[in-house]
Amino acid sequence: MQCKGKGFKKLFNTLPGVTSQIITVTPASPSVAGMEKTEMGFEEDMLRGQATIWQCAFGFVDGMALKCVLQLGIPDIINSHGSPLSLTSIAKACNHPSLDTDRLSRVMTLLVRRGIFTSTPTTKGGESETLYGLTDSSKWLLSNSETSLAPFLLLEHHPHALESWHHLSDIVKEGGSGFAKSHNGQDYFEFAPANPGFSNLFNQAMAGASKIIVEAVKASYEDGFNEIETLVDVGGGIGGMISEIVKAHPHIKGINFDLPFVVAKAPEYVGVTHVAGDMFSSIPPTDAILLKWILHCWNDEDCIKILKNCKEAIAERKKGKIIIIDAVLSPEGNDLFDDIGVRFDLLMLATINTKERTEAQWKTLLEKAGFPSFRIIKIPALVSIIEAYPY
């Protein structure tokens, strides 16, 4: 008899580096069943490999489908109704006269499969219809939530942001910033102020993501703030995070430290003082320093400069420390956010030519800056807390 899979083997012979041979054996051979089983396993593995490549080829579709429903306001529409809705009702609430429910159903089908929405078949007036509801995923996309991730998703799928990715191979070969390569030499932070719409979306995205991190830090690091009298938030923007920490720990004197044009727009907060300056020059003296999503924006050389200035700022404090809030990569890990961390690292590479770091990379960086001792505290978020000491 001849083993099955001739068609597959013909296909596999066309692949670079893949060869196969059709084996003919007699029915009496005791190894036939085992050979068939092995060959079938080979075919199944190759099919799985093929499916993986298809998934990568269409990887952008999920994000674009989410962008579509956000632009139509569908999560908010369902939420405001208070219960699942039919496509007809959703389309009516969208208030677009040419919106086609059949086309929309195809988008929703994918997002139901991804667990973004629920779908429940029902019958009304003798006709069947499907009701779509929110899930624990789509609840993170509501516009009336301070922790909405909708602006972040829209930012990463904005044409200005997506253009950077088309230069990834150029970056790997030559270095540089993908964003600058696609925007006439302007980097991310030069381009944003000159484009108010994009800048506003960036600020909204950062505000929502930061609020999520603030809540995770407050819940997981409460004891870490107990002995701090003065806390400087370096690169603290308009002071949102330091104000939340001071509100939860009113014994702390908070200092929001950022560039002059940033703090000029900062509102007043109880217990918080806004100080203008440059972290590459000096940082106000303090007991502790907070660095949230700052160091992943800079290369190792610049990070060491910042960290040395941090060390100088806490030099007079016996228990001085820095509190870094950033990702700790675990490329082979299986925790909830490990895969996202690896993707985030590529985002930093593609946009501003920086990186996320592994524990070993953090250790090297901190030691070079004069922080020989540190510990990592995992929190329920994309990032971790890295508490480092100069002693």
Side-chain angles (χ1 to χ4, degrees), residues 187-190 192-193 199-200 202-207 209-211 213-215 217-218 221-222 224-299 301-326 352 354 365-366 369-371 383 385-390:
D187 68 27
Y188 205 94
F189 300 106
E190 292 172 329
S199 179
N200 185 51
F202 175 83
N203 291 335
Q204 290 177 4
M206 293 304 104
S210 294
K211 185 66 175 178
I213 292 172
V214 168
E215 294 304 316
V217 170
K218 285 166 59 179
Y221 191 66
E222 185 175 358
F225 295 113
N226 286 344
E227 296 182 1
I228 296 174
E229 294 181 8
T230 303
L231 177 65
V232 174
D233 187 357
V234 174
I238 60 172
M241 182 154 189
I242 189 70
S243 68
E244 288 293 323
I245 292 172
V246 170
K247 189 186 299 182
H249 302 273
H251 69 279
I252 293 177
K253 177 186 176 183
I255 298 175
N256 179 53
F257 182 71
D258 213 314
L259 294 169
F261 79 92
V262 177
V263 297
K265 299 179 181 179
E268 292 186 6
Y269 301 104
V270 175
V272 176
T273 302
H274 298 294
V275 177
D278 183 349
M279 63 187 175
F280 286 102
S281 298
S282 64
I283 294 169
T286 182
D287 299 322
I289 291 172
L290 184 67
L291 293 158
K292 178 185 69 66
W293 259 354
I294 299 297
L295 298 182
H296 77 158
C297 292
W298 301 96
N299 61 35
E301 183 180 354
D302 286 332
C303 283
I304 290 171
K305 290 179 184 177
I306 296 168
L307 289 168
K308 284 184 175 180
N309 285 339
C310 289
K311 183 180 179 182
E312 182 67 23
I314 61 174
E316 301 300 320
R317 273 66 174 180
K318 291 183 178 180
K319 294 185 178 181
K321 63 183 178 181
I322 58 174
I323 305 163
I324 300 168
I325 300 175
D326 241 317
I352 57 177
T354 58
L365 191 70
L366 289 167
F371 292 88
V383 295
I385 295 173
I386 306 165
E387 195 178 62
Y389 327 91

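Because only heavy atoms are used, hydrogens play no part in the values below, and waters and symmetry mates are left out as well, while side chains stay in.
With a 4.5 Å cut-off on side-chain heavy atoms, F257 and I283 count as touching. For the pair Y269/H274, a side-chain contact is recorded, criterion being any heavy-atom separation below 4.5 Å from C-beta on. Using a 4.5 Å heavy-atom threshold, the side chains of N309 and S281 count as separate. With contacts defined as side-chain heavy-atom distances shorter than 4.5 Å, the pair V383/I213 qualifies. Annotation: side chain of D187 is not in contact with side chain of I352 (no heavy-atom distance under 4.5 Å). At least one side-chain heavy atom of L231 sits less than 4.5 Å from a side-chain heavy atom of I245. Counting heavy atoms from C-beta outward, K292 and I323 have side chains that stay 4.5 Å or more apart. Side-chain contact check for V272 versus I255: every heavy-atom pair is 4.5 Å or farther apart.
Residues satisfying the side-chain contact (heavy atoms from CB on, under 4.5 Å) criterion with E312, sequence neighbours excluded, are absent altogether. In this view, H249 satisfies the side-chain hydrogen bond (donor to acceptor under 3.5 Å, both in side chains) rule with no residue, not counting sequence neighbours. Here D287 pairs with R317 under the salt bridge (charged side-chain N to carboxylate O under 4.0 Å, His left out) rule; sequence neighbours left out. Annotation: side-chain contact (heavy atoms from CB on, under 4.5 Å) contacts of E301 (sequence neighbours excluded): N299, K305. Contacts of I314 classified as side-chain contact (heavy atoms from CB on, under 4.5 Å), with partners at least two apart in sequence or in another chain: T286, I289, I322, F371, P390. By the side-chain contact (heavy atoms from CB on, under 4.5 Å) test, E387 pairs with Y221, K321, R375, Y389, sequence neighbours left out. Annotation: side-chain hydrogen bond (donor to acceptor under 3.5 Å, both in side chains) contacts of T230 (sequence neighbours excluded): none. Judged as a ring-ring contact (aromatic ring centres under 6.0 Å, His included), and not counting sequence neighbours, the contacts of W298 are F280.
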- [ ] Would you please test V275 and V263 for side chain to side chain contact (heavy atoms under 4.5 Å, CB included) and show each step?
- [x] CA-CA 7 Å; V275 177; V263 297; over 6 Å; no
Task: Stepwise side chain to side chain contact (heavy atoms under 4.5 Å, CB included) check, L290 with I325 - done: CA-CA 8 Å; L290 184 67; I325 300 175; 3.6 Å; yes
TODO: For the pair V246 and I242, evaluate side chain to side chain contact (heavy atoms under 4.5 Å, CB included) and give the outcome as yes or no after the intermediate values.
DONE: CA-CA 6 Å; V246 170; I242 189 70; 4.3 Å; yes
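Across all their heavy atoms, M241 and V217 have their closest contact at CE-CG2, 4.0 Å. The two atoms that bring P260 and G277 nearest to each other are CD-O, 4.1 Å, heavy atoms only. For G237 against N256, the heavy-atom pair with the smallest separation is O-ND2, 2.9 Å. Across all their heavy atoms, A192 and S199 have their closest contact at O-CB, 3.0 Å.
How far CG of L291 is from SG of C303: 9.0 Å, rounded to the nearest 0.5 Å. The CE atom of M279 lies 3.5 Å from the CD1 atom of I306; values are rounded to the nearest 0.5 Å. Distance CD1/I324 to CG/L295: 5.0 Å, rounded to 0.5 Å.
Applying the salt bridge (Lys or Arg N to Asp or Glu O under 4.0 Å) definition to pairs two or more places apart or across chains, those involving residues 236-259 are K211-E244, K218-E244, E244-K247. Pairs engaging residues 226-240 under the salt bridge (Lys or Arg N to Asp or Glu O under 4.0 Å) rule: E227-K319 [sequence neighbours left out]. Under the salt bridge (Lys or Arg N to Asp or Glu O under 4.0 Å) criterion, no residue pair touches residues 261-278, with sequence neighbours excluded.
The main-chain N or O of N226 is found under 3.5 Å from a side-chain atom of H251 such that the two form a donor-acceptor pair.
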